[in-house]
Amino acid sequence: AWKHRPRASRTLASPDNIIEAQPKTLTEMERSRLPPGMAWLVATRGGKNLTAGQYRSSVLLVTFLAYMMYHASRKPPSIVKSVLNPTNEQRELGEAGWAPFNGPDGNRLLGQADLAFLAAYSIGMFFSGHIGDSMDLRIFLTYGMVGSGIFVTLFGMGRGWGIHTMSYYVCVQILAGIFQSTGWPSVVSVMGNWFGKSKRGLIMGVWNAHTSIGNILGSLLSAMMLRYADWGGAFIINGLLTVLVGLLVYGFLVVAPEDAGHPSPHGAAGAAAADKDGKDGGSGFSKDLSPSGVSPGPLEGAQMRRKPQAAGFAAALRIPGVITFSLCLFFTKLVAYTFLYWLPFYIERTEIGGQYLTAAKAGELSTLFDIGGVAGGILAGYVSDRFNARSLTSAAFVYLSIPVLWMYREYGSSSMSANVVLMMLAGMLVNGPYALITTAVSADLGTHESLKGNARALATVTAIIDGTGSIGAAVGPMLTGYISAHTNDWNNVFYMLYAADLIAGLLLTRLVFKEIRQMTA
C-alpha cells in the first residue's frame with residue numbers, strides 16, 4: 001500500500017508543494033554542468049547534491065544581493081546632485097560644483113542625465129526580457145552586472161579625469177542603463193522557476209526588500225564618500241561592488257531546479273511547453289530521448305532546456321491584465337523614481353524644523369523612505385495573498401498615498417519627527433504597489449493558464465510590465481528637473497505625483513470590481 005512506502009524514496013511535485021527525495025550523489029560530469037562555485041561546493045560534500053530547499057535558499061540570497069547592488073548603483077546620482085549643482089548659499093561658502101552641471105540650467109542637465117539612463121533602461125528592458133528567455137540567465141545576468149558596474153564606475157572616474165563634457169556623462173548613463181535592463185527580468189524569472197504560486201506575494205514581498213535595502217546601501221555609501229569631498233567615489237565604490245556581486249552570480253546562481261537534478265515546483269505544467277509537438281523546448285530531441293537514444297537524467301534534460309522557444313510579445317500582451325498592470329506601473333514607477341532620484345535634493349533644499357541639512361545628511365535621512373518601502377512591499381504582498389486580491393491591494397495603496405504625499409509636502413517641514421514619520425509612511429504606500437506589480441503580479445501573469453503551460457514567457461512578461469513602468473520612471477525625474485528649474489516651486493512637482501497616483505488607481509478599476517465580485521460570490 002502507498003502508506004507503507006518509505007517517504008524519503010519518492011518526490012511528489014505539485015505547483016506549491018514538493019516532498020523532497022534524499023539528494024543523490026552527482027557524478028563529475030553532472031557537477032560540471034552546475035555553476036563553478038556550486039560545483040565546487042558539491043565536490044566538498046563528496047559529490048552529494050544539495051536539497052531543493054538548500055538550492056532555493058541560495059537562489060533567494062544570490063538574486064537578493066544581485067538586485068540590491070543594481071539599485072545601490074542607481075543611488076549616487078540622487079545623492080551627489082547638490083554637490084554637482086550647489087545652491088547660491090553654498091557657492092558663497094566656496095562650493096563651486098562641477099561643470100557642466102553647475103550652470104543656471106544645472107537642474108535641467110541633471111534631469112537629462114537621469115533621462116539618458118532611464119530611457120536606455122526602459123528600451124533595453126523590452127529586448128532583454130526576450131533575450132533572457134532564450135539563453136542561460138546566469139550568463140546573461142553576469143554580463144549585465146559586470147557591464148553595469150563598469151559604466152557606473154566610469155561616471156565617477158569623470159571627476160578624477162577632469163571631464164566636463166555633457167556628452168561623456170550622457171553616453172556613460174546610456175550604456176549603464178542598457179546593461180542594468182538585464183537585471184529585473186532575469187531575477188524574477190529565476191525566482192519564478194524555483195517558487196510556486198502559494199504565498200508568492202508574501203515571499204516576493206520580503207524578497208523585494210532588495211530594492212529598498214539597495215537604495216539604503218547606495219545612499220549610505222555615497223554619503224560616506226561625500227564626507228570625504230569625493231563625489232566620484234560615490235559612483236566608483238557602488239560600481240565595483242556591483243561587479244563583485246556579478247562574479248558571485250556567475251559562480252553560484254542555479255537558474256532552475258532541473259539544472260540541479262530537482263523537479264520544477266510547477267509540476268507537469270512547467271514541462272508542458274517542452275512536451276508540445278513531441279519536442280523538448282524546441283531543442284529538436286524527443287521528450288524522452290537524448291541524442292544518443294538514452295533517456296536523459298535531470299541535468300542532461302536541463303541542458304536541453306537551455307534551448308527554449310521563448311514566448312513572443314504578441315502572446316504575452318494577450319494575457320489578461322498585462323496591459324492594464326503595465327500602464328498602472330508606468331504611473332506608480334513615475335512616483336517611486338521621482339523620489340529615488342530627487343528626494344535627497346528636495347530634503348537639502350527644504351527647511352526642516354528651522355534648519356537646512358547638508359548633502360550627506362540629506363542623503364542619510366532619505367533612506368527612511370526606503371525603510372518604509374520595505375514594510376510596504378511586505379505588507380502589500382501579505383494582504384494580496386491573504387485576500388487573493390492583487391488589483392484591490394495595489395489600488396488601495398495608490399489611493400492612500402495621495403493624502404499622505406500631500407501631508408508630507410505641507411507638514412513634513414514643521415519638525416524632524418513629522419518629516420521622519422510622514423516620509424516612512426509615504427515610502428510604504430508608494431513602494432507597496434510598485435513592489436507587488438513588479439514581483440508577484442508579473443510572476444502570476446508570466447505563468448498564466450492562457451499560455452497553456454509555456455513557462456518561457458515569464459521574463460518576457462516581466463520585461464513588458466517593468467519596461468513600460470520604466471518609461472514612467474524616466475519621465476518622472478525628467479519632469480521633476482524641468483518643473484523645479486522653471487517654476488522654482490516644488491508644489492508643482494507634488495501636483496504631478498498626486499495626478500500620477502490617481503491615474504494608476506483608476507486604471508485598475510475594472511480589475512478591482514472583478515476581484516470584489518469574486519470575493520463576494
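Numbers for residues simply follow the sequence, beginning at 1. Model, not experiment: these values are computed from the prediction.
- When Trp342, Tyr346, Trp406 are each tested for a ring-ring contact (aromatic ring centres under 6.0 Å, His included) with Phe494, only one passes: Tyr346.
- The shortest non-hydrogen separation linking Glu364 to Ala223 is CG-CB, 3.9 Å.
- Thr509 places a side-chain N or O within 3.5 Å of a backbone atom of Leu506 that can act as its donor or acceptor partner.
- Under the 4.5 Å side-chain criterion, counting only non-hydrogen atoms from C-beta, Leu511 is in contact with Phe325.
- For Lys81 and Asp114, the salt-bridge test passes: some basic side-chain N is under 4.0 Å from an acidic carboxylate O.
- In terms of modelled atom types and a separation under 3.5 Å, the side chain of Asp466 and the main chain of Pro185 share no donor-acceptor contact.
- Taking the six-membered ring wherever Trp is involved, the centroid distance between the rings of Phe101 and Tyr169 falls below 6.0 Å.
- Around atom OH of Tyr498, more than 12 heavy atoms belonging to other residues, nucleotides or ligands sit under 6.0 Å away.
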Inset, instruction - Report the C-alpha distance between Glu348 and Leu357 in whole Å, list the side-chain angles of each, state the deciding distance to 0.1 Å, and finish with yes or no for side chain to side chain contact (heavy atoms under 4.5 Å, CB included). - result: CA-CA 5 Å; Glu348 191 199 5; Leu357 302 181; 5.5 Å; no

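- In this structure, Leu508 and Cys328 approach most closely via the heavy-atom pair CD1-SG, 3.7 Å.
- Here the options are Phe117, Trp98, Trp161, Phe235, the test is ring-ring contact (aromatic ring centres under 6.0 Å, His included), and the partner is Phe155; only Phe235 passes.
- A distance of 12.0 Å separates CZ in Phe252 from CG in Leu65, rounded to the nearest 0.5 Å.
- The minimum heavy-atom distance between Val206 and Phe64, with the atom names listed, is O-CE1, 4.3 Å.
- Ser148 places no side-chain N or O within 3.5 Å of a backbone atom of Met145 that could act as its donor or acceptor partner.
- For Glu351 and Ser413, the side-chain atoms include no donor-acceptor pair closer than 3.5 Å.
- Atom CZ of Arg91 sits in a crowded spot, with more than 12 heavy atoms from other residues, nucleotides or ligands closer than 6.0 Å.
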Inset, instruction - Go through the steps to decide whether Asn208 and Tyr67 satisfy the test side chain to side chain contact (heavy atoms under 4.5 Å, CB included), and finish with yes or no. - result: CA-CA 9 Å; Asn208 194 65; Tyr67 215 72; over 6 Å; no

Legend entry - Stepwise side chain to side chain donor-acceptor pair (under 3.5 Å) test for Thr182 and Tyr70: CA-CA 10 Å; Thr182 62; Tyr70 269 118; 3.0 Å; yes

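- Here the side chains of Tyr250 and Ile139 are in contact, with some heavy-atom distance below 4.5 Å.
- Side-chain contact between Ile483 and Trp490: absent, with no pair of heavy atoms (C-beta onward) separated by less than 4.5 Å.
- Using modelled atom types, one side-chain atom of Asn419 and one backbone atom of Gly412 make a donor-acceptor pair closer than 3.5 Å.
- Checking side-chain atoms of His164 against main-chain N and O of Ala99 turns up a donor-acceptor pair under 3.5 Å.
- Between Trp184 and His210, the angle of the ring planes goes over 60°, which puts this pair in the perpendicular group of the 30/60° scheme.
- A distance of 11.0 Å separates CG of Leu507 from CG of Leu329, quoted to the nearest 0.5 Å.
- Under the 4.5 Å side-chain criterion, counting only non-hydrogen atoms from C-beta, Leu226 is in contact with Trp231.
- For the pair Phe127 and Ser181, the minimum side-chain heavy-atom distance is 4.5 Å or more.
- Between atom CD1 of residue Ile236 and atom CG of residue Leu240 there is a gap of 7.0 Å, rounded to the nearest 0.5 Å.
- At least one donor-acceptor pair under 3.5 Å links the side chain of Ser122 to the backbone N or O of Ala119.
- Looking at Ile352 and Ser415, their side chains never come closer than 4.5 Å, going by heavy atoms from C-beta outward.
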Legend entry - Step-by-step side chain to side chain donor-acceptor pair (under 3.5 Å) determination, Arg108 to Asn85: CA-CA 11 Å; Arg108 182 179 63 83; Asn85 183 28; over 6 Å; no

Inset, instruction - Any chance you could lay out the side chain to side chain contact (heavy atoms under 4.5 Å, CB included) test for Ser128 and Phe140, step after step, and finish with the verdict? - result: CA-CA 9 Å; Ser128 64; Phe140 187 57; 3.6 Å; yes

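- Using a cutoff of 4.0 Å between basic side-chain nitrogens and carboxylate oxygens, Arg138 and Asp259 are not scored as salt-bridged.
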Inset, instruction - Walk me through it: do Arg349 and Ser82 pass the test side chain to side chain donor-acceptor pair (under 3.5 Å)? - result: CA-CA 9 Å; Arg349 281 162 169 72; Ser82 296; 3.1 Å; yes

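- Val322 and Ser326 make their closest contact through O-OG, 2.6 Å (heavy atoms, listed as atom of the first residue, atom of the second, distance).
- For Asp230 (side chain) and Gly233 (main-chain N/O), a donor-acceptor pair under 3.5 Å exists by modelled atom type.
- Looking only at distances, no side-chain donor or acceptor of Asp501 sits under 3.5 Å from a matching main-chain atom of Ile402.
- A donor-acceptor contact closer than 3.5 angstrom links the side chains of Ser73 and Gln180.
- The CG atom of Asp489 sits 4.5 Å away from atom CG of Asn492, with the distance rounded to the nearest 0.5 Å.
- Ala380 approaches Gly432 most closely through the heavy-atom pair CB-O, 3.7 Å.
- Distance check: Asn215 CG to Leu340 CG gives 5.0 Å after rounding to the nearest 0.5 Å.
- Ser222 OG to Ile79 CD1: the interatomic distance, rounded to the nearest 0.5 Å, is 5.5 Å.
- Heavy atoms from other residues, nucleotides or ligands lying under 6.0 Å from OH of Tyr399 number more than 12.
- Taking both residues in full, the closest heavy atoms of Pro344 and Ala362 are given as O-CB, 3.6 Å, listed atom of the first, atom of the second, then distance.
- Looking at heavy atoms from C-beta onward, Leu118 lies out of side-chain contact with Ser470 at the 4.5 angstrom threshold.
- Annotation: cation-pi geometry not satisfied between Arg409 and Tyr495 (NZ/CZ under 6.0 angstrom from ring centroid, within 45° of ring axis).
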Inset, instruction - For Leu365 and Val420, run side chain to side chain contact (heavy atoms under 4.5 Å, CB included): C-alpha distance rounded to whole Å, both residues' side-chain angles, the deciding distance at 0.1 Å, then the answer. - result: CA-CA 8 Å; Leu365 180 62; Val420 166; 4.1 Å; yes

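- Ser212 pairs with exactly one of Leu217, Thr367, Asn431, Ile371 by the side chain to side chain contact (heavy atoms under 4.5 Å, CB included) rule, that one being Asn431.
- Put simply, the side chain of Glu89 does not reach to within 4.5 Å of the side chain of Glu95, judged on heavy atoms.
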